[in-house]
Colleague: 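Take a look at the following structure, please.
The chains referred to below are lettered A, B, ... by the order of the sequence lines, with proteins before strands, and numbering in each begins at 1.
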There are 2 protein chains.
Amino acid sequence: MHEHFMILKRHNLKVTPKRLAILEILSTNQCLMTPEVVWKNLKVKMKKIGLPTVYRNLEELSKNGIISKVFHPDRKLYYYFCKSLQHHHHFVCLSCQRVEEINFCNIEEIQRSIEDKLNSKVLSHIIQLNGLCSNCLAKKSERSLKDL
Amino acid sequence: MHEHFMILKRHNLKVTPKRLAILEILSTNQCLMTPEVVWKNLKVKMKKIGLPTVYRNLEELSKNGIISKVFHPDRKLYYYFCKSLQHHHHFVCLSCQRVEEINFCNIEEIQRSIEDKLNSKVLSHIIQLNGLCSNCLAKKSERSLKDL
DNA sequence: TAGATAAATGGAAATGATTTCTATTTATCA
DNA sequence: TGATAAATAGAAATCATTTCCATTTATCTA
Ligand SMILES: [Zn+2]
Ligand SMILES: [Zn+2]
Ligand SMILES: [Zn+2]
Ligand SMILES: [Zn+2]
């Protein structure tokens, strides 16, 4: 997509087929994806694509704010291409990795009070809801819901 | 400390010297600690203590809600012995790992709105502020503050 | 449009945190 | 005090992620 071309240009990143393919895959999935999953998807279309390349690019894209790195209880790396350009947070389905963007953040008021009270500097914050999306919720019985 | 003895009993966990020592170390440090750091501290006092034992116990204690597992941008495992028994969140110093407890959480209102809007089930949440504590802030020059 | 050049890539190998395995030890409880 | 299940040590395995380096490629300029 030409849009991805422009995104890379805007950030002074070389426009390579690999990068475009990575952006393509991420942007068409409303899911968290690990580098390995991205890689497996890429291999369907491209003969040669190395896993380290995927790792490197995901990190690079994330550093440039093009995609976001998301915290997950399993501590693996997950990336997500956010539709919203504004500051926001995520609801992550623990079962299927689906992501919904939450356009809510009241961090500023907490932050100010923390900085005043503790005389410290807040540099970043994490707000994330984990749970089951509507699809997965429908599939689960009450029983299996308990051992999550 | 007898208090730790009681904590283990209450959770039906065998009271072993290793567990008591782990709780002792965590509770006297207002810092996030990795399993390895806990282990190195333990080795000063105990001749024999295996790293896997530390990992297992920290996880066990965490599962029982006795200590908490904290998210960190570096994705390593960190644990913390919370003073507060009520639900709360953390301010974590990215430089020295010091932790301050934040007795603020407005998740319920977000949660309700998310569950209604997305027809989903919220199972857990992460709210965490990362930054520099007052000590570390004082040490940093403006310049070095930028590349954090 | 053809080099020059710095950046990107692939593949193999290294790393390093975390987990597993198993034989031995230990806490608990009757 | 002895039975029993749980905890432990130490070594080894696992596995996600990173590093290394030789080769390729995108970009820029003449
Ligand atoms: Zn789902
Ligand atoms: Zn926010
Ligand atoms: Zn600090
Ligand atoms: Zn909360």
Side-chain angles (χ1 to χ4, degrees), chain A residues 2 4-25 32-64 66-67 69-79 97, chain B residues 2 4-25 32-64 66-67 69-79 97:
Chain A
H2 190 252
H4 296 158
F5 185 95
M6 291 309 291
I7 289 175
L8 292 173
K9 278 292 183 198
R10 195 180 314 134
H11 290 270
N12 289 318
L13 294 170
K14 279 193 183 176
V15 179
T16 68
K18 311 296 161 70
R19 282 186 176 151
L20 289 172
I22 288 172
L23 282 175
E24 184 64 27
I25 282 181
L32 295 189
M33 299 180 92
T34 61
E36 201 182 0
V37 168
V38 172
W39 179 59
K40 281 178 178 160
N41 275 275
L42 286 170
K43 282 204 297 187
V44 175
K45 308 176 194 169
M46 326 189 88
K47 50 239 94 185
K48 281 194 168 194
I49 172 80
L51 188 50
T53 298
V54 178
Y55 270 92
R56 257 178 317 221
N57 279 312
L58 289 172
E59 188 55 26
E60 193 69 32
L61 293 169
S62 157
K63 281 221 179 94
N64 280 275
I66 300 169
I67 62 179
K69 200 193 275 191
V70 176
F71 280 81
H72 197 280
D74 72 6
R75 282 179 304 110
K76 274 196 283 190
L77 283 172
Y78 282 89
Y79 294 91
Q97 318 288 51
Chain B
H2 191 251
H4 296 158
F5 184 94
M6 292 307 293
I7 289 175
L8 293 173
K9 278 293 182 195
R10 196 181 313 133
H11 289 270
N12 288 319
L13 294 170
K14 281 193 184 178
V15 179
T16 70
K18 311 296 162 71
R19 282 186 176 151
L20 289 171
I22 288 171
L23 282 175
E24 184 63 26
I25 281 181
L32 295 188
M33 300 180 90
T34 62
E36 202 183 0
V37 168
V38 172
W39 180 58
K40 281 178 179 160
N41 275 274
L42 286 170
K43 281 205 295 187
V44 175
K45 308 176 195 171
M46 327 190 88
K47 49 236 98 187
K48 283 194 165 190
I49 172 81
L51 187 51
T53 299
V54 177
Y55 270 90
R56 248 176 294 144
N57 278 312
L58 289 172
E59 187 56 26
E60 194 69 32
L61 293 169
S62 157
K63 280 219 178 98
N64 280 275
I66 299 169
I67 61 178
K69 200 193 276 190
V70 176
F71 281 81
H72 196 281
D74 73 6
R75 281 181 303 109
K76 275 196 282 190
L77 282 173
Y78 282 90
Y79 294 91
Q97 318 289 51

Colleague: Let's see if you can work this out: which of D:dA9, D:dT17, C:dA17 has an atom nearest to the side-chain heavy atoms of B:K48?
Modeller: D:dA9
Colleague: Between the protein and nucleotides 5-7 of chain C, are there any N/O to N/O pairs under 3.5 Å, and if so, what are the atom names and distances?
Modeller:
unit_1: C:dA6; atom_1: N3; unit_2: A:K14; atom_2: NZ; d: 3.4
unit_1: C:dA7; atom_1: O4'; unit_2: A:K14; atom_2: NZ; d: 3.2

Colleague: Let me know the distance between CZ of A:R56 and P of D:dT25, rounded to the nearest Å.
Modeller: 15 Å
Colleague: Begin from the C-alpha positions of A:V38 and A:N57 and carry the test side-chain contact (heavy atoms from CB on, under 4.5 Å) through to its verdict.
Modeller: CA-CA 11 Å; A:V38 172; A:N57 279 312; over 6 Å; no
Colleague: By nearest nucleotide on DNA chain D, pick out whichever of B:R75 and B:I49 is the more 5' one.
Modeller: B:I49
Colleague: Out of curiosity, B:L8 CG to B:L13 CG, how far, rounded to the nearest 0.5 Å?
Modeller: 6.0 Å
Colleague: Please give, in whole Å, the distance from D:dT17 C1' to B:K76 NZ?
Modeller: 14 Å
Colleague: Give the rounded distance in Å between these two atoms: CG of A:L77 and C1' of D:dC15.
Modeller: 13 Å
Colleague: Using the side-chain heavy atoms of B:T53, tell me which of these nucleotides is nearest: D:dT8, C:dA17, C:dT9.
Modeller: D:dT8
Colleague: Quick one: NZ on B:K9 to NE2 on B:H2, what's the gap to the nearest 0.5 Å?
Modeller: 10.0 Å
Colleague: Below 4.5 Å, heavy atoms only, C-beta onward: do B:H4 and B:I7 meet side chain to side chain?
Modeller: yes
Colleague: Starting from P on D:dT17, measure out to CE on A:M33 and report it in whole angstrom.
Modeller: 14 Å
Colleague: Figure out the NZ/P separation between B:K63 and D:dA6, and round it to whole Å.
Modeller: 15 Å
Colleague: If only side-chain N and O atoms of A:T34 are considered, is one of them under 4.0 Å from the OP1 or OP2 phosphate oxygen of D:dA16?
Modeller: no
Colleague: Rounded to the nearest angstrom, tell me the gap between atom CG in A:L42 and atom C1' in C:dT9.
Modeller: 13 Å
Colleague: Nearest whole Å is fine: how far is C:dG10 C1' from A:K43 NZ?
Modeller: 12 Å
Colleague: Can you identify which nucleotide, out of C:dT28, D:dA26, D:dG10, has its nearest atom closest to the A:P17 side chain?
Modeller: D:dA26
Colleague: Do any side-chain nitrogens or oxygens of B:Y55 fall under 4.0 Å of OP1 or OP2 in C:dT19?
Modeller: no
Colleague: Nearest to the side chain of B:K9, which nucleotide is it out of D:dT27, C:dT28, D:dT8?
Modeller: C:dT28
Colleague: Report yes if at least one side-chain N or O of A:N57 is closer than 4.0 Å to OP1 or OP2 of C:dT9; otherwise report no.
Modeller: yes
Colleague: Which nucleotide in the list C:dT19, C:dA12, C:dT28 gets nearest to the side chain of B:P52?
Modeller: C:dT19
Colleague: For a side-chain contact (heavy atoms from CB on, under 4.5 Å) check, start with the C-alpha distance between A:N41 and A:M33, then their side-chain angles and the critical distance, and finish with the verdict.
Modeller: CA-CA 10 Å; A:N41 275 275; A:M33 299 180 92; 3.7 Å; yes
Colleague: Of all the choices, D:dA9, D:dA16, C:dT9, which nucleotide is nearest to the side chain of A:E36 once you look at every atom?
Modeller: D:dA16
Colleague: So, OP1 or OP2 of D:dT8: does either fall under 4.0 Å of a side-chain N or O from B:T16?
Modeller: yes
Colleague: Report yes or no: does A:N64 contribute a side-chain atom to a donor-acceptor pair with the main-chain N or O of A:I66 at less than 3.5 Å?
Modeller: no
Colleague: Under 4.0 Å from OP1 or OP2 of D:dT25: is there any side-chain N or O of A:K18 that close?
Modeller: no
Colleague: So, does A:R19 use its side chain to make a donor-acceptor pair with the main chain of A:K14 at under 3.5 Å?
Modeller: yes
Colleague: Find which nucleotide of DNA chain C each of B:L13 and A:L13 is nearest to by heavy atoms, and output the residue with the more 5' nucleotide.
Modeller: A:L13
Colleague: What integer distance in Å separates A:E59:CD from C:dT9:P?
Modeller: 15 Å
Colleague: A:I22 versus A:I67: any side-chain heavy-atom pair under 4.5 Å?
Modeller: no
